[in-house]
Amino acid sequence: MDGSYRNIAEQFRRFWMLRKIKIQSLTGDFSCRFGQFPLLGYVEQHDGCTQQEAAEAMSVSAPAVAVSVKRLQKAGFLKKEADPDNLRKSRLSLTEAGRETAQAFRQNFDELDAATFGCLSAEEAEALSALMKKITDHLTATMADNPEMERALSFRPEITEEKDERATHD
């Protein structure tokens, strides 16, 4: 059975590499880095959040968020304003260009998902989803004592419409 497991793992690897290449090609039309799109998506869903809140929700360091905030401000996608109740804090919000970019990128991901999984029937999609959940749950159980497990499972590079979704960062 080891050979079958290796074959499955290789299919996962190939799938992820193809998806990663396609995702990287999607970012070419935008004037910010791929890892900054999750921050745009987070701020879009959590208008007025602090950098610290974004860092915690996205499971990345505060300095990494600070660098992206500066880049996104420079690109005209993000505004950073002092919190009137606590001048030591800054609140983040999107500019109109930032909102348009976040929405366009989310649409690109929706199209990528449709192109990726559109070859499956509804029954096949449900079965694949159930199998992936079963595999993920099993692997999670084998890693229950690993502190990196929860952080790794919280990563999601895509921008979603779900408000509390965590994401990776550059």
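Numbers here simply count residues along the sequence, with the first being 1. Remember, predicted model here, so these are calculated numbers, not experimental data.
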Side-chain donor or acceptor of Ser90 paired with backbone N/O of Lys80 under 3.5 Å: no
Same cluster (ILVMFWY, side-chain, under 4.5 Å), Leu120 and Phe12: yes
Residue pair Leu78, Val69: steps toward the side chain to side chain contact (heavy atoms under 4.5 Å, CB included) verdict: CA-CA 7 Å; Leu78 199 63; Val69 165; 3.9 Å; yes
Derivation and outcome, side chain to side chain donor-acceptor pair (under 3.5 Å), residues Lys89 and Gln52: CA-CA 9 Å; Lys89 287 185 180 181; Gln52 185 63 38; over 6 Å; no
Spatial distance of atom OG (Ser93) from atom CD (Glu81) [nearest 0.5 Å]: 5.0 Å
Gap separating the CD atom of Gln36 from the CZ atom of Phe105, nearest 0.5 angstrom: 11.0 Å
Which residues share a side-chain hydrogen bond (donor to acceptor under 3.5 Å, both in side chains) with Gln73, sequence neighbours left out: none
For Glu123, all residues meeting side-chain hydrogen bond (donor to acceptor under 3.5 Å, both in side chains), sequence neighbours excluded: Ser121
Rounded distance (nearest 0.5 Å) linking atom CD of Gln11 with atom CG of Asn7: 5.5 Å
Any side-chain heavy-atom pair of Arg19 and Asp113 under 4.5 Å: yes
same_hphob_cluster(Leu128, Ile8) at 4.5 Å side-chain heavy-atom cutoff: yes
Geometric class of the Phe15/Phe117 ring pair [parallel <30°, tilted 30-60°, perpendicular >60°]: tilted
Side chain to side chain contact (heavy atoms under 4.5 Å, CB included) assessment of Leu94 paired with Asp47: CA-CA 8 Å; Leu94 297 182; Asp47 188 51; 5.9 Å; no
Nearest-0.5 Å distance, OG of residue Ser68 to CE of residue Met58: 7.0 Å
Donor on one side chain, acceptor on other, Gln107 and Gln103, under 3.5 Å: no
From CG (Leu39) to CZ (Phe77), nearest 0.5 Å: 12.0 Å
Exercise: identify the closest heavy-atom pair between Ala54 and Cys49: CB-SG, 4.5 Å
Partners passing side-chain hydrogen bond (donor to acceptor under 3.5 Å, both in side chains) against Lys134 (at least two apart in sequence or in another chain): none
Thr101 side-chain N/O to Gly98 backbone N/O, donor-acceptor pair under 3.5 Å: no
Phe37/Asn108 under side chain to side chain contact (heavy atoms under 4.5 Å, CB included): CA gap, chis, key distance, verdict: CA-CA 12 Å; Phe37 289 106; Asn108 283 347; over 6 Å; no
Ring geometry between His46 and Tyr42 (parallel below 30°, tilted from 30 to 60°, perpendicular above 60°): parallel
Verdict with reasoning, Arg99 to Glu44, per side chain to side chain contact (heavy atoms under 4.5 Å, CB included): CA-CA 7 Å; Arg99 191 169 318 288; Glu44 180 183 34; 4.0 Å; yes
Separation of Met132 CE from Thr136 OG1 (nearest 0.5 Å): 5.0 Å
